[in-house]
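One structure below.
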2 protein chains.
Amino acid sequence: MSKAATVYDVADRAGVSIATVSRVLRSPDAVRPVTRERVLDAVAALGYVPSGSARGLAERRTGVLGLYFPGFDAADEAPALDALSGEESPPFTVVQSGADDEDHAAMLFLDEVLRGAELEAWKQGFVLMVGVGRDDPDRATVRDMAGRVDGLMVLASSVPDEVLARLARRIPVVVLSGPPRGDHYDHVTVSNAEAMAELTRHVLAQVEDAPLAFLAGPTDSPDGAQRWEGFADAVAGAGRPVEEVRVVRGDFTRASGRRAAEELLRSGPPAALIAANDQMALGALDAFRTAGVRVPEDVLVTGFDGIEAAVLSQPPLTTIRQPMIELGRAAVQVLARRLEHPEAEPIMARLPVRILLRESSLRPS
Amino acid sequence: MSKAATVYDVADRAGVSIATVSRVLRSPDAVRPVTRERVLDAVAALGYVPSGSARGLAERRTGVLGLYFPGFDAADEAPALDALSGEESPPFTVVQSGADDEDHAAMLFLDEVLRGAELEAWKQGFVLMVGVGRDDPDRATVRDMAGRVDGLMVLASSVPDEVLARLARRIPVVVLSGPPRGDHYDHVTVSNAEAMAELTRHVLAQVEDAPLAFLAGPTDSPDGAQRWEGFADAVAGAGRPVEEVRVVRGDFTRASGRRAAEELLRSGPPAALIAANDQMALGALDAFRTAGVRVPEDVLVTGFDGIEAAVLSQPPLTTIRQPMIELGRAAVQVLARRLEHPEAEPIMARLPVRILLRESSLRPS
DNA sequence: GTGAAAGCGCTAACAT
DNA sequence: ATGTTAGCGCTTTCAC
């Protein structure tokens with residue numbers, strides 16, 4: 001790290017001009033083989049690595065795509081670790097079978113999207129810049145990123161409209177997931193409402209006219225709203241008045257689902273309970289089990305998200321799974337396309353989801 | 001995206017010099033409130049976002065940390081997806097319970113390290129740049145990254161020594177995982193050998209003098225070598241000649257573990273089989289089950305890595321789990337420290353691992 | 001408190 | 001085929 005060699009150093013050492021050095025690196029064929037060799041030797045000898053900043057400035061593009069998240073769910077739980085504190089810690093600890101720190105970090109929404117994005121970015125010859133912006137009232141992080149990348153992918157609802165609009169004046173922005181966001185940005189999302197409608201129809205076909213309940217999410221969640229809409233559409237489409245559906249509300253947590261289900265039970269169980277997410281559905285499953293209400297014999301239950309715990313529950317939970325890896329990939333594709341055609345119409349990609357029919361929604365015949 | 005405003009545009013509009021604009025953004029207090037407001041108004045009106053390239057060039061630092069991996073294991077399996085192909089695809093597909101595309105993407109080594117790194121980078125005020133370099137003979141990707149970041153984290157064995165040395169001349173490099181790599185770079189790794197030794201002692205205590213077998217990895221794997229060493233140390237330490245251990249070799253795959261175990265069985269099962277990774281251990285479990293050899297009654301089996309499948313196997317597999325999230329975090333910490341003290345001694349952090357004792361290595365008493 | 005001007009390291013015309 | 005030179009957009013002395 002003596003002092004980072006520059007084009008000038010290389011040029012000097014090779015006895016050529018800086019333009020030639022640049023050429024050797026960018027279009028090697030435009031330079032005579034002997035010269036080229038001399039330059040490459042100098043490059044190697046000096047350990048020259050071009051400055052991305054300088055290159056980016058001159059070229060007016062960076063080759064970097066940004067992916068911005070509102071924040072890690074798991075972040076706050078992380079232990080305060082200090083790897084540099086010294087040698088005092090033992091090289092290992094022994095954990096007995098069954099201890100609960102055997103747990104594996106669950107693959108979060110974010111991890112999967114990131115993986116998809118990284119994969120596709122690699123294919124398209126971009127590098128990915130990842131930013132997380134918790135506790136960031138003035139959105140400094142995302143603005144900072146916006147200055148460094150050729151295009152930005154932003155997870156829906158992580159950035160207020162005004163900020164988004166501002167960033168979009170500098171670089172292409174694609175919004176990931178969530179409901180449409182005006183039609184100024186490219187948007188990659190999933191068919192949540194449609195899938196919820198289909199799932200609802202699947203349930204309706206089994207319960208016919210028996211009473212229905214919906215376990216809703218917080219009122220301010222756009223996702224929750226979309227899911228309700230899909231549900232309501234299907235109900236109305238089946239010729240049933242939406243008003244007669246019993247709606248209980250939770251906050252997407254398992255505990256809230258349990259409470260909501262208990263409330264439901266006080267006036268007798270419905271024939272089916274459609275929940276706005278898996279966590280709440282699992283909570284409801286808990287409550288039903290405690291109350292001696294059988295699923296799926298007495299009541300059908302469905303969730304939404306396709307989290308891992310939903311496969312392992314008793315009974316396994318029917319749910320809808322978003323294609324998160326594909327979401328990340330698609331976002332990069334959209335961005336790459338936009339960079340090539342800046343003036344094209346806004347793109348609106350809608351990815352199919354998978355409805356996973358499992359025991360919790362299949363009434364035994 | 002009309003044309004990305006610059007400092008000049010802002011300065012013009014606010015009726016000040018570009019120096020003042022810069023000041024407002026960097027040290028707001030150094031400028032009179034009225035002036036500051038005028039500038040901020042202009043910034044807002046123009047949607048000005050500073051260019052990271054220009055800033056990085058002038059400042060000689062980028063605020064970005066790089067994380068480089070050799071490649072995604074899962075990458076090649078990914079379907080060729082084209083999100084832009086149009087509306088033809090249905091909004092959802094229905095999957096019956098038990099179909100095997102219910103599967104969840106497993107959390108890979110990489111995903112966890114990435115998560116830890118991202119978390120810590122955020123804490124330290126850095127943004128993370130992620131690069132993957134499959135099929136990259138001339139290591140263009142990593143060099144490219146090196147030019148854009150203030151410091152680089154490189155997964156062991158993903159980059160040849162010469163390239164590493166070259167990058168290290170430009171920016172601080174920290175090597176992640178794997179065996180020590182000379183003492184020129186900072187290095188964050190885990191106590192694999194020690195943990196393997198301890199695990200071996202745990203097994204030895206149960207089998208006493210009965211015959212032992214080791215299921216080794218490919219000869220060229222540094223990780224495999226470290227694990228063998230830890231094992232051999234413990235065996236020698238127990239006063240048993242290492243030569244009498246039966247060594248069979250696999251390539252870290254489940255199938256190779258199965259074959260190796262079958263080979264072992266031809267000359268009678270050992271009292272314990274220590275495998276160099278989980279996959280092979282699981283393969284061995286398969287083979288033993290097929291042959292009617294009971295685990296742990298007849299033979300004890302252990303793995304290494306702590307992959308998820310190891311908890312779910314029958315019986316659950318004793319293994320050693322690396323703290324991957326912490327690895328990522330520690331790497332960032334080391335890098336941050338290095339950036340502050342460029343001349344400090346190389347740092348060598350060794351993270352503790354967790355030995356997960358499960359049924360496969362616990363002889364019923 | 002503010003402005004003028006000199007870089008930061010590179011690319012890309014334009015000359016030769 | 002190679003060199004000269006003018007930016008790219010920003011930060012930072014150094015004057016005023």
Give B:T35 one of three labels, base, sugar-phosphate or nothing, depending on what nucleic acid heavy atoms sit under 4.0 Å from its own. sugar-phosphate

Salt bridge between B:D144 and B:R148, side-chain N to carboxylate O under 4.0 Å? yes

Heavy-atom side-chain proximity of A:Y68 to A:T141 below 4.5 angstrom: yes

A:R55 side-chain N/O to C:dT11 phosphate OP1/OP2 under 4.0 Å: yes

Which sits closer to the 5' end of DNA chain C, A:V49 or B:V34, going by the nucleotide each is nearest to? B:V34

Find the distance A:D29:CG to D:dA1:P and express it as a whole number of Å. 10 Å

Closest nucleotide among D:dT12, D:dT2, D:dG9 to the B:A58 side chain: D:dG9

Counting any heavy atom closer than 4.0 Å, what does B:R26 reach on the DNA or RNA strands: base, sugar-phosphate only, or nothing? sugar-phosphate

d(CZ, B:R61; C1', D:dT12) in whole Å: 16 Å

For the side chain of B:R60 and the base of C:dG9, is some donor closer than 3.5 Å to an acceptor across the two? no

Should B:R166 and A:V43 count as side-chain neighbours, where that means a heavy-atom distance under 4.5 Å? yes

In whole angstroms, the gap separating P of D:dA1 from CZ of A:R38 amounts to 15 Å

Flag side-chain contact, heavy atom, 4.5 Å: A:R170 against B:S51: yes

Please report the distance, rounded to the nearest Å, between CG in B:L25 and P in D:dT12. 12 Å

Regarding B:V21, tell me which of base, sugar-phosphate or nothing describes its non-hydrogen contacts under 4.0 Å with the strands shown. nothing

So if I take every side-chain heavy atom of A:S17 and compare against D:dG9, D:dG3, C:dT11, which nucleotide ends up nearest? D:dG3

To the nearest Å, give me how far apart CD1 (B:I18) and P (D:dT11) are. 9 Å

Do B:T6 and B:I18 have side-chain heavy atoms sitting under 4.5 Å apart? no

Just checking B:S22: base, sugar-phosphate only, or nothing, at a heavy-atom cut-off of under 4.0 Å? base

Measure the distance from CG on B:L46 to P on D:dC10 and round it to the nearest whole Å. 12 Å

Can you tell me how far P of C:dG9 sits from CD of B:E59, to the nearest Å? 14 Å

Rounded to whole Å, NZ of B:K3 lies from P of D:dC8 at a distance of 11 Å

Below 3.5 Å, does any donor atom in the side chain of B:Y8 face an acceptor in the base of D:dC8, or the other way round? no

Under a 4.5 Å cut-off applied to non-hydrogen side-chain atoms, are A:L25 and A:V7 in contact? no

Whether the side chain of A:R23 and the base of D:dG3 hold a donor-acceptor pair under 3.5 Å is what I'd like checked. yes

A:T20 side chain N/O closer than 4.0 Å to the phosphate oxygens (OP1, OP2) of D:dG3? yes

Name the residue closer to the 5' end of DNA chain D, choosing between B:L57 and B:A19 according to the nucleotide with the nearest heavy atom. B:L57

